[in-house]
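Accompanying notes for the structure given below.
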2 protein chains.
Amino acid sequence: MAKQNTVFKDAFNRCLTTLAETSALPSEPELGQALGVSRTTVRAILTRCEELGLIAWDKRRKTVLRAPDPADYFPTEETDSLAERIERSFMRRILAGGAEPGMQINELELAREIGAGTTSVREFLIRFSRFGLIEKRPNSHWVLKGFTREFALELTEVREMFELRSAARFVGLPEDDPAWEELRKIEAVHREVLADIDRRYKEFSELDERFHLLVHKSSSNRFIIDFYDVIAIVFHYHYQWNKANARERNARALEEHLAYIAALQSRDLQQVEQACRLHLKSARETLLQSLP
Amino acid sequence: MAKQNTVFKDAFNRCLTTLAETSALPSEPELGQALGVSRTTVRAILTRCEELGLIAWDKRRKTVLRAPDPADYFPTEETDSLAERIERSFMRRILAGGAEPGMQINELELAREIGAGTTSVREFLIRFSRFGLIEKRPNSHWVLKGFTREFALELTEVREMFELRSAARFVGLPEDDPAWEELRKIEAVHREVLADIDRRYKEFSELDERFHLLVHKSSSNRFIIDFYDVIAIVFHYHYQWNKANARERNARALEEHLAYIAALQSRDLQQVEQACRLHLKSARETLLQSLP
DNA sequence: AATCTGTCTATTGTAGATAAAAGACAAAAC
DNA sequence: GTTTTGTCTTTTATCTACAATAGACAGATT
């Protein structure tokens, strides 16, 4: 196989969802726009819909014949891009399987295990190297530097610098900046989740990312915003494997967020700084607690 | 060709240089250590030396027969790794050839122009993307974001945060840390260059990198140290194309460095901060002046 | 006149192959 | 007993090939 057709499969699935709610499909370019794919892929989707008897397709007429059936969808395993699969496999490997710092990483072996070509694995490792967890020895293997205490401290040090700076910028945003509206929405979700914390505490992870990304974005600095990827991936996987006291930790973090949000809304720089520091400090401690 | 043998050629050339000064070569592992290559490569080098009649090689005896001749060396164009050639070509292209922001970058075309395979170019672009100058549209081309005023401002903003933090750490380094010795050496070179500024002002670029890297390293933070790569590459190419008033600019920067170094040596945090800010401000202005 | 479709071309994503380079191990030399 | 060499295996760096996807253009449709 030269290239996986995951773009097609994923777009096809999404198309079925919209198809369930209408009686006719729009034009090809419009569909392409809606699904975020090119016309070539749209036509492949339409062709398959026709083959499955979901629609009748004659030039501009695309009439829906029947509602899609669960069996019409592609299984979700097939809609993930190769890069996503590699990332997940790699993370599982280095987090689960006793990833000693200093361990060598073998491209070929990794590729065989994941069931991908070496090129893809290589490119993944190159991209991943910016997270500071692995390092290349030229003409030789990669070395795992490990998710250690030092790593967490270095990461949080930069995070704190960047977030304080971004939060300070946030305060200076003009009244009509869309970020204020988004902040209000995020605040509302915080209150909803807190009100039903026992059942909804798992939503924190996603909300946390949404909130901090919003803050970082107000820096208008590509390096600061890009760095948030590093933070996000670390916390994302961290939440997945450290579930101890998740409910209490998340409830506390939500409260801290609310104080932080209130400080931002007050436009008082000192208050912002204090609330931000307080929250980042406890986030760092949570992260460190899960490490040896 | 599957792989360029640039490692071999480069190590061979370096080996000839040492060969000129001795009458016998050391053991294979020792030679490998000295040249930074594996024994396999060492043996290839020895084989070629023997073929050229430079040495007589019998197991442990490696007697030098004659001094190497200029013709024995591989031409320097052949000793650069492919990645280095790609970087240079790419930089020349985007800096020289009217690189408009928003311009599309085509992997295939780039590969053809440079004379490399697409895989290598692709990997280069992935690695290069962390410098924030290009961005990938998935399943489509790369977009050149351009070396613009915004870029320079975003870069220097982070640089200033990181360097101030690092400089503050530097002051706290224990008396016997090797960084102090290196700082003294750097200071001495500064004075030498300044004393003969008319002829030696071109050495500034290299010295600048050496100095700031030393400062950043004292942060002991991989993200801060890694970020210095971004700064270094930008200033490196910036110096190459903006030669206006180079002598004056460099002389001034050297003076600023000396004040900054003196402040570090005084261990006075306030002085350090002041000298550091002063120098970074003028470095930023120099960079901005060369941009539209 | 604007948009859409049919058709074609160009480029990207990925696999597979191969030479260069690294590295492992046992026998040989000191 | 340590270091070195001879030989062999494994891994990386790089090229080429090809299907998936994007994108361009002219003619068709509203």
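Chain letters run A, B, ... following the sequence lines, proteins first, then strands; residues in each count from 1. What's counted below: heavy atoms across the whole structure, side chains too, no hydrogens, waters or symmetry copies.
Within 4.0 Å (heavy atoms only), A:K62 reaches sugar-phosphate atoms of the nucleic acid but no base atom. Counting non-hydrogen atoms under 4.0 angstrom, B:A44 reaches nothing in the nucleic acid. No contact: B:E109 has no heavy atom under 4.0 Å from any strand. At a threshold of 4.0 angstrom between heavy atoms, the contacts of A:T6 are confined to the sugar-phosphate backbone, with no base atom among them. Contacts of B:K9 with the nucleic acid, taken as non-hydrogen atoms under 4.0 Å apart, are absent. Counting any heavy atom pair closer than 4.0 Å across all strands shown, B:T40 reaches a base atom. Using a 4.0 Å heavy-atom cutoff across all strands shown, A:T41 reaches sugar-phosphate atoms only and no base atom.
Using a 4.0 Å cut-off between a side-chain N of Lys or Arg and a carboxylate O of Asp or Glu, B:D226 and A:R130 do not qualify as a salt bridge. Using a cutoff of 4.0 Å between basic side-chain nitrogens and carboxylate oxygens, B:E113 and B:R93 are scored as salt-bridged. Ion pairing between a basic and an acidic side chain is recognised when a charged N comes within 4.0 Å of a carboxylate O; B:E77 and B:R85 show no such pairing. Looking at A:D72 and A:R66, a side-chain N of the basic residue comes within less than 4.0 Å of a carboxylate O on the acidic one, giving a salt bridge. Ionic pairing of A:R210 and A:E182 is present here: one or more N-O contacts between side-chain nitrogen and carboxylate oxygen are shorter than 4.0 angstrom. Checked for salt-bridge contact, B:E135 and B:R137 meet the test: a charged N lies under 4.0 Å from a carboxylate O.
Distance CG (A:L108) to C1' (C:dG16): 11 Å, rounded to an integer number of Å. For the pair A:L82 CG and C:dT12 P, the interatomic distance rounds to 18 Å; values are reported in whole Å. At whole-Å resolution of the value, CG in B:N106 and P in C:dG13 are 12 Å apart. Atom-to-atom, CD of A:Q104 to P of C:dA22 comes out at 14 Å; the value is rounded to the nearest Å. Computed from coordinates, the B:K3 NZ to C:dA20 C1' distance equals 5 Å when rounded to whole Å. Rounded to an integer number of Å, the gap from CZ of A:R60 to P of C:dA2 is 15 Å. Per the geometry, CD belonging to B:E28 stands 15 Å off C1' belonging to C:dA24, to the nearest Å. At whole-Å resolution of the value, CD in A:E123 and P in C:dA15 are 10 Å apart.
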Secondary-structure notation, DNA chain C, from Watson-Crick and G-U pairs under 3.5 angstrom (| other strand):
||||||||||||||||||||||||||||||

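At the phosphate of C:dT5, neither OP1 nor OP2 sits under 4.0 Å from any side-chain N or O atom of A:R43. Note on B:S140: every side-chain N or O is 4.0 Å or more away from OP1 and OP2 of C:dT11. The phosphate of C:dG13 has OP1 or OP2 within less than 4.0 Å of a side-chain N or O from B:K136.
Nearest-nucleotide positions on DNA chain D for A:Q4 and A:W142 put A:W142 closer to the 5' end. The residue among B:N139 and A:R137 whose nearest nucleotide of DNA chain D is located toward the 5' end is A:R137. Residues B:S38 and B:P138 both approach DNA chain C. Their nearest nucleotides, taken by heavy-atom distance, put B:P138 toward the 5′ side.
Checking side-chain atoms of A:E50 against main-chain N and O of A:I55 turns up no donor-acceptor pair under 3.5 Å. Without hydrogens or angle criteria, B:R39 side chain to B:G32 main chain gives no donor-acceptor distance under 3.5 Å.
Put simply, the side chain of A:K59 and the base of C:dT5 share no donor and acceptor less than 3.5 Å apart.
A:F12 and A:F8 have tilted rings, their planes meeting at an angle from 30° to 60° on a 0 to 90° scale. In this pair, B:F162 and A:F162 present their aromatic rings parallel. The plane angle is below 30°, not in the 30 to 60° band.
Put simply, chain A comes within 4.0 Å of DNA chain D, heavy atom to any atom, from D:dT11 to D:dT29, going 5' to 3'.
The local environment of CD in A:E206 is sparse, with at most 12 non-hydrogen atoms from other residues, nucleotides or ligands closer than 6.0 Å.
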